[in-house]
Amino acid sequence: MSRKFKEIIIKNVFFFFALVSIFILGLIVVFLFREGLPIFKVVSVKDFIFGNEWYPTYDPPDFGIWPLIVGSIIVTLFSSLIAVPLGILSAIYVSEIASPLMKEILKPAIELLAGLPSVVLGFFGMVVLAPWLQETFDLPTGLNIVNVSIILAIMAVPTISSISEDALYSVPREFKEASYALGATRFETIAKVIVPAALSGISTAVILGMARAIGETMVVLMVAGGAAAIPESIFDSVRPMPASIVAEMGEAPFQSDHYHALFATGAALFFMTLFFNLIADYISTKFKEVGSATL
Amino acid sequence: MMRVLVLSFMCLMLGWGAASAGETIVIKGSTTVLPVAQAAAEAYMKKHPEVNISLSGGGSGNGIKALIDKSTDIANTSRFIKGKEIKLAVEKGSYPVPHRVAIDAIVPIVHPENPVTDLTIEQMSLIYQGKIKNWKEVGGKDKRIVVVSRDTSSGTYEVWAKKVLHKARVTPRAQLQASNGAIVQVISKNSYAIGYIGLGYLNRSVKTIKVSGIEATVQTALSGTYPIARPLFMFTNGWPKGTVSDFINFVVSPEGQKIVKKEGFVPLY
């Protein structure tokens with residue numbers, strides 16, 4: 001078998017598998033829309049997205065997912081507020097400041113967090129964090145935005161931290177050396193040279209972390225409290241979209257309006273995560289440092 | 001070495017062949033009925049080792065869905081089949097047949113520290129609609145009431161909406177939990193909260209509330225004096241035959257009903 005022939009086979013095998021995964025993804029999207037679209041015969045797109053009332057099983061029903069969308073967005077923003085500084089600073093510490101021994105300990109420890117099953121974290125939020133929050137702040141309920149954001153942040157930190165660390169690690173050595181040669185301190189080098197150079201990777205990390213938080217199901221089901229109302233304070237319960245879908249799908253009669261409404265909610269969620277990923281893609285191409293040659 | 005491997009492999013194959021020779025019953029559906037079905041299936045398989053029962057939860061709606069798709073023999077439900085589901089079933093050539101297997105009482109629960117012991121249906125209705133907001137309005141401490149409910153599509157919720165709320169809408173501020181177990185978990189940790197669960201899920205971490213002076217027990221539910229009760233069903237596709245029929249007969253037999261009672265539900269007789 002000639003070398004060229006081998007190359008062609010290998011290329012085609014990879015091409016085939018890439019095609020298969022794209023095809024499967026396409027089928028999933030088609031299915032999502034085929035099952036979701038019929039709801040718009042019952043309710044207009046505007047009333048579905050901006051409607052304030054989610055009463056899918058009543059007669060007459062109301063299919064307004066605005067409180068669910070708001071719940072998802074608030075929880076995502078709040079958890080990023082906690083996870084982004086933690087994730088990026090820990091990445092900077094591990095890649096630039098920590099001693100080799102510290103690095104050996106910290107890196108796997110952070111990655112271990114990613115390995116924790118979400119149901120375990122959810123249970124922790126439910127039986128440990130919720131009563132603690134309730135007592136400490138004298139709240140009516142501990143299952144609220146703060147609780148779910150903390151747990152989601154714990155889940156997003158490993159994603160943000162490890163991708164940021166890769167970005168920091170791939171900043172060419174010459175940058176650092178040049179900075180030190182000019183007499184810059186370590187802090188100045190990190191803040192003004194290394195982090196800006198890694199910005200595209202760090203932004204991708206942040207957005208992927210947020211995408212993880214917005215799509216998370218088990219944690220929001222267990223600790224968000226599940227109230228389908230626009231929250232008035234950060235200690236109110238909310239009902240993000242994935243929690244709604246997973247809680248109700250099991251009991252929704254097959255191909256009923258409720259069933260279609262849940263798929264349409266899934267489609268809305270799909271657009272939101274798609275939006276996040278497009279931003280991530282745009283940022284990473286826009287701020288891409290091709291290498292030291294571009295300077 | 002090789003011979004040992006081959007031999008053990010053959011033994012495995014034989015064992016597997018023997019196990020799969022018996023009959024298999026597939027049961028899917030309501031998580032409320034699950035403990036009953038689980039215990040009944042174990043007892044039945046002990047008596048009939050040749051029968052293999054595979055059991056999974058997933059909700060009444062999913063059970064019916066599986067029955068219509070013919071991917072299950074028995075669908076457990078905590079509610080009656082809906083008109084739309086019957087229509088779909090008939091279109092696909094299935095004829096769902098209900099079998100009442102147990103009665104479940106739905107019990108309001110609060111945190112053990114809550115001094116309130118008795119509420120009327122009317123009071124609970126107002127609490128769940130968000131019109132009574134503080135425990136002191138119903139004779140408790142001056143604390144906000146945290147309303148905990150099952151999600152609106154659960155069978156338990158449906159009975160609650162019908163018998164307590166009289167179809168009024170539950171307040172959107174209510175915390176919705178996805179299972180009986182989750183409600184017990186939340187109530188046991190929160191002295192502000194009120195919730196409701198199936199009788200089978202009661203335990204000591206929560207306190208039951210009497211409904212207009214009537215306590216939910218097997219006796220009061222059976223006699224009909226306890227107002228929030230409902231039947232639990234197993235649906236089959238057409239009249240059951242063979243092993244499936246035998247299993248359902250077992251569940252409704254005096255022996256099966258003893259299991260129902262042991263699991264905390266109310267037997268049929």
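Only heavy atoms go into these numbers, but all of them, side chains included; no hydrogens, no water, no symmetry mates. Chain letters run A, B, ... following the sequence lines, proteins first and then strands; every chain starts at 1.
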*For A:F123, does the CZ atom have more than 12 heavy-atom neighbours from other residues, nucleotides or ligands under 6.0 Å away?*
no
*Heavy-atom pair with the smallest gap, counting every atom of B:R169 and A:P60*: NH2-O, 3.0 Å
_Shortest non-hydrogen contact between B:R144 and A:P140, atoms and distance_ = NH1-CG, 3.6 Å
*Within the side chain of B:D151, is there an N or O that forms a donor-acceptor pair under 3.5 Å with the backbone of A:S244?*
no
*So what's closer than 4.5 Å to chain A heavy atoms on B:A168: side chain, backbone, both or neither?*
backbone
*Is the shortest distance from a Lys or Arg side-chain nitrogen in B:R173 or A:E232 to a carboxylate oxygen in the other one below 4.0 Å?*
yes
*asked:* Please find the pair of heavy atoms, one from B:A178 and one from A:L221, that lie closest to each other, and give the distance.
replied: CB-CD1, 4.0 Å
*asked:* Please rank B:T77, B:V146, B:I145 by heavy-atom pairs under 4.5 Å with chain A and give me the top one.
replied: B:V146
*Should B:Q177 and A:M126 count as side-chain neighbours, where that means a heavy-atom distance under 4.5 Å?*
yes
*Residue B:K131 excluded, over 12 heavy atoms near NZ under 6.0 Å*: no
*Tell me, for B:A193 versus chain A, whether the close heavy atoms (under 4.5 Å) come from the side chain, the backbone, both or neither.*
neither
*Which atoms of A:N144 approach chain B - backbone, side chain, both or neither, heavy atom under 4.5 Å*: neither
*Would you indicate whether B:K70, at its atom NZ, is surrounded by more than 12 heavy atoms from other residues, nucleotides or ligands within a distance under 6.0 Å?*
yes
*asked:* Is A:I230 close to chain B through its backbone or its side chain, or both, or neither, when contacts mean heavy atoms under 4.5 Å?
replied: backbone
_Engaged part of B:I64 at the chain A interface, taking heavy atoms whose separation is under 4.5 Å_ = neither
*Between A:P67 and chain B, which part of the residue has a heavy atom less than 4.5 Å away: side chain, backbone, both or neither?*
neither
*Under 4.5 Å heavy-atom distance to chain B, tell me which part of A:Q134 shows up: side chain, backbone, both or neither.*
side chain
*Are more than 12 heavy atoms from other residues, nucleotides or ligands located less than 6.0 Å from atom CZ of A:F78?*
no
*Atom group of A:E53 that falls short of 4.5 Å from chain B, counting heavy atoms*: side chain
*Check each atom of B:K82 against the heavy atoms of chain A and say whether the ones under 4.5 Å are side chain, backbone, both or neither.*
side chain
*Distance only, no hydrogens: is a donor on one side chain within 3.5 Å (strictly under) of an acceptor on the other, for A:T141 and B:Q175?*
yes
*For A:L139 and B:Y192, which heavy atoms make the closest approach, and how far apart are they?*
O-CE1, 3.5 Å
*May I ask you to name which of B:G61, B:P172, B:A174 has the most heavy-atom pairs under 4.5 Å with chain A?*
B:P172
*Kindly compute the distance separating OH (A:Y58) from NZ (B:K167), expressed to the nearest 0.5 Å.*
9.0 Å
*Sort A:V127 into side chain, backbone, both or neither according to what part of it lies under 4.5 angstrom from a heavy atom of chain B.*
both
*For the atom pair CD (A:Q255) and CD (B:E85), what is the distance rounded to the nearest 0.5 Å?*
11.5 Å
*Among the options B:I68, B:V148, B:V186, B:V170, pick out the one with the most heavy-atom pairs lying under 4.5 Å from chain A.*
B:V170
*Check each atom of A:N52 against the heavy atoms of chain B and say whether the ones under 4.5 Å are side chain, backbone, both or neither.*
neither
*Under 4.5 Å between any side-chain heavy atoms of B:L176 and A:W54, yes or no?*
no
*Please look at B:T171 and chain A and tell me whether the side chain, the backbone, both or neither of the residue comes under 4.5 angstrom of a heavy atom of that chain.*
backbone
*Compare all side-chain heavy atoms of B:K65 with those of A:Y259 and state whether any distance is below 4.5 angstrom.*
yes
